[in-house]
Amino acid sequence: MVELSRHPLPLALPLLFTAMGDESWRVRKEAVAVLASAEPVGAEAVEGLINLLRSSDNAGLRNSAVESLERLGKVAVEPLCRYLDDPDQDLRKFVIDVLGSIRCASCVPLLVKALNDDDPNVRVAAAENLGKIGEAAAVPFLLKVLAGNEIWLKFTVLDALSLIGAPVPLAALTPLLAERLLRRAVYDCLGVLGDQTAIPLLLEGLKEKGKSQRESAGVALVKVRGRLSAEEAEALIDLPLQALKGTPAAEGVISSLESADPNSLEPLVQLLGIMADERATVPLLAVSRQEKFRKVCLEAFRLLGTAAAPRLLARYGEAEDAERAVIASLLGELGSRQSAQLLVAGLSEEAPELRAACAGALGKLALPGATGQVAELLEDGDPEVRAAALDAVLRLTGSDPEGVAELCARLVLSPLPGKRRHAALLLAGLADGDRLSLLAKDEDASVRKAAVASLARVKLPQVAGYLAMALSDEDPEVRLSAAQALSEKGGAETLDPLLLALGDPDPWVQTAALKGLSALGDTAALSGVKSLLTRARGPVLIAALSALAAIGGEQELSAIEAALADGDEEVVEAAIGIMSAFGGGWIDGHCQALTSHPHWVVRRSFVRAAAQLLGAKALPILEKALDKETDPLVRGEIAGLMDRL
């Protein structure tokens, strides 16, 4: 094949055609690739490829010809169209398939004509490929086919109408529901094209005896609902669905969960949540064990509310540990206080995931007095259980502050750093700034770090002082935590500590402080930020430039503009982005340098900025940049920008 690619195409053509029919798919692929890369491809090659479509005894050859014609695209359209009246019906079908894959809109009238072809396969191909092309002009002709008697052709037409997506009169689709075999296809089509007028039909479709038809109606109803306003959805769909609660129709939808197509499961779960029929509890539980459906199932259970709790409790006793963990989590989400005893017992179960789920559920139930029982898991051997227990106790600070305070009093005095760290995290929920300030001086760095992070969430006036003291900690992670906490807290009292942090030897602390100063926007910080500019590098310099722009605005652009000549391409790219926020007045002065920059990322960022800020006026800049650009990626970017302008 390599040798053939070096010869003129007319000379190589016979051998390429032979290779396209080779027994080896690799040889066939190589032949197609060689032909596709040839320039120009003349009429002889196109005609030869079309005639290869007649090769009924060699499917590989015919498929290679189809692929080649599709890759040729518009070049092949006119010759292909001349064969739509060929006596060979198989050839006509393949020609139509190729035209559909090319998506040639000019061929629509010819494909419409082929809807009346003598051969049924050609008629089906015409309908299918009109759908691929997607031109609304074909819709009236496709609707005429629906009035005919060919049921399999109607299937294809309904799919084509869905692909085109243009509005279709409901009256054209309703009569098709009388044909049982077409109902699913009609519902699928209504899911794509239907509006409010289709809702009664789809609601009625939920009562279908056939499982596939019922599922399709349900999926379509959810799709239509997604196109309505919240008020319309409630009045036209949700209330009628809720009226189906307890009916055989609801039972039919529930039964579909057991064996529904995976693509149908999510919308069916949504429907059952809206219906709020508690008979769906156990089937929904089964679906929720699949991770990808857990979120939508949880929302359905929330809509079911506490009505689902009795069935979940009944199921708990007979379920395996993994399912019991899911049930425990759901009971917590549903606020089922009658499950409290069961959940407490679950804290001592053997399965870690079940212990974690029960702890989390007790935290969500916010039961007074539950703190001591959940806190026992803070010493669990499984890290996920410990994390769940800690989160649960944090939740309990609102309902059981005394219990949590008593726990923290013990943890603070523990000789184990891990327990003192737990105390530091829990004290944030109690807003106990005094104890946190003591833990911020703990001998263990992880405890100090946790205490500092918690102080950021305590709304007390003395907190800023505690955090400022933490900026002098010997551990850089503690100092970073303090800088982040000050940035998160905000307020005038954080200005001086954040300025102090600009002198920290750790670049991450400096960066955190700069972000905090940017958020403050106090011009009193300008001198400190400017001073840092002279010695900053890399990420710190980028953060400093951003802070300068956020605080000083246009008045400080000269310092940012100077960074366009920095030796670090990431700094230059950041400076381009910052300068672009203030308009394009800087572009002409840096055009030559930035379009010649040694790093392609900078060149790409600059041409993007020029196109965005200057519009059509950027064309001369882009033309000059394209002339000297050597990187193919950037050249493609410039060419694309010029086309859009």
Side-chain angles (χ1 to χ4, degrees), residues 151-152 154-163 165 168 170 173-228 233 236-301 303-304:
I151 189 166
W152 299 114
K154 291 180 184 181
F155 269 116
T156 308
V157 167
L158 288 168
D159 286 342
L161 290 170
S162 297
L163 287 172
V168 171
L170 187 63
L173 301 179
T174 305
L176 302 179
L177 291 171
E179 181 60 63
R180 184 176 61 85
L181 292 174
L182 282 176
R183 287 177 190 166
R184 180 174 183 176
V186 172
Y187 292 139
D188 289 343
C189 189
L190 287 173
V192 177
L193 306 177
D195 55 17
Q196 296 182 16
T197 61
I199 292 173
L201 283 177
L202 296 174
L203 286 167
E204 195 64 26
L206 295 179
K207 303 174 184 178
E208 289 271 10
K209 292 182 180 179
K211 176 179 170 294
S212 63
Q213 291 96 327
R214 188 170 61 239
E215 288 177 13
S216 293
V219 172
L221 192 61
V222 171
K223 288 181 178 178
V224 172
R225 185 179 183 273
R227 298 194 285 270
L228 302 178
L236 300 175
I237 294 181
D238 296 2
L239 291 176
L241 281 175
Q242 290 159 15
L244 292 176
K245 177 180 176 179
T247 66
E251 187 175 3
V253 179
I254 293 168
S255 68
S256 293
L257 289 183
E258 295 181 8
S259 57
D261 182 296
N263 295 323
S264 303
L265 267 178
E266 185 168 333
L268 290 177
V269 168
Q270 287 181 264
L271 282 183
L272 290 170
I274 296 168
M275 283 184 190
D277 191 321
E278 57 268 24
R279 293 177 298 173
T281 300
V282 175
L284 282 172
L285 179 63
V287 176
S288 70
R289 292 188 64 181
Q290 300 180 58
E291 183 65 34
K292 64 179 177 179
F293 296 121
R294 192 156 294 170
K295 184 177 180 181
V296 68
C297 285
L298 177 58
E299 185 56 36
F301 275 115
L303 293 172
L304 280 168

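Only heavy atoms go into these numbers, but all of them, side chains included; no hydrogens, no water, no symmetry mates. All of these numbers come straight from a predicted model, not from anything done at the bench.
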**Asked** Is there a side-chain contact between Leu201 and Leu173, using heavy atoms and a 4.5 Å cut-off?
**Response**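 The answer is no, as the side chains (C-beta and beyond) never meet within the 4.5 Å cut-off.
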**Asked** Any side-chain heavy atom of Met275 sitting closer than 4.5 Å to one from Ile254?
**Response**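 The answer is no, as the side chains (C-beta and beyond) never meet within the 4.5 Å cut-off.
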**Asked** In chain order, what residues pass the salt bridge (Lys or Arg N to Asp or Glu O under 4.0 Å) check against Arg180, with sequence neighbours excluded?
**Response**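 Arg180 satisfies salt bridge (Lys or Arg N to Asp or Glu O under 4.0 Å) with no other residue.
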**Message:** List the residues meeting salt bridge (Lys or Arg N to Asp or Glu O under 4.0 Å) with Arg227, not counting sequence neighbours, and say none if there are none.
**Reply:**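 Salt bridge (Lys or Arg N to Asp or Glu O under 4.0 Å) check on Arg227 returns nothing, list empty.
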**Message:** Applying salt bridge (charged side-chain N to carboxylate O under 4.0 Å, His left out) as the test, list every pair that has at least one member in residues 236-261; sequence neighbours left out.
**Reply:**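 Sorted pair list: Arg225-Asp238, Lys245-Glu278, Glu251-Arg279.
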Spacing of [atom1] belonging to [X] relative to [atom2] belonging to [Y], to within rounding of 0.5 Å:
X: Arg214; Y: Ser255; atom1: CZ; atom2: OG; answer: 4.5 Å
X: Leu298; Y: Leu303; atom1: CG; atom2: CG; answer: 10.0 Å
X: Arg184; Y: Ser212; atom1: CZ; atom2: OG; answer: 5.0 Å
X: Asp188; Y: Gln213; atom1: CG; atom2: CD; answer: 10.5 Å
X: Leu221; Y: Tyr187; atom1: CG; atom2: OH; answer: 11.0 Å
X: Leu271; Y: Asp277; atom1: CG; atom2: CG; answer: 12.5 Å

**Phe301 and its side chain to side chain contact (heavy atoms under 4.5 Å, CB included) partner, picked from Leu272, Val296, Leu284** =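 The passing option is Leu284.
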**Option passing side chain to side chain contact (heavy atoms under 4.5 Å, CB included) with Lys207 (candidates Val253, Thr247, Leu244)** =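 In the set Val253, Thr247, Leu244, the residue that makes a side chain to side chain contact (heavy atoms under 4.5 Å, CB included) with Lys207 is Leu244.
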**Prompt:** In terms of side-chain geometry, is the basic nitrogen of Lys295 or Glu299 positioned less than 4.0 Å from the acidic oxygen of its partner?
**Reply:**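 Looking at Glu299 together with Lys295, the answer is no, because their closest N to O distance does not fall below 4.0 Å.
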Non-hydrogen atoms of [X] and [Y] that approach each other most closely:
X: Leu190; Y: Val224; result: O-CG2, 3.8 Å
X: Ala217; Y: Leu206; result: CB-N, 4.0 Å
X: Ser256; Y: Leu268; result: CB-CD1, 4.0 Å
X: Ser162; Y: Cys189; result: OG-CA, 3.4 Å

**Intermediate values then yes/no, side chain to side chain contact (heavy atoms under 4.5 Å, CB included), Leu177 and Glu204** = CA-CA 11 Å; Leu177 291 171; Glu204 195 64 26; over 6 Å; no
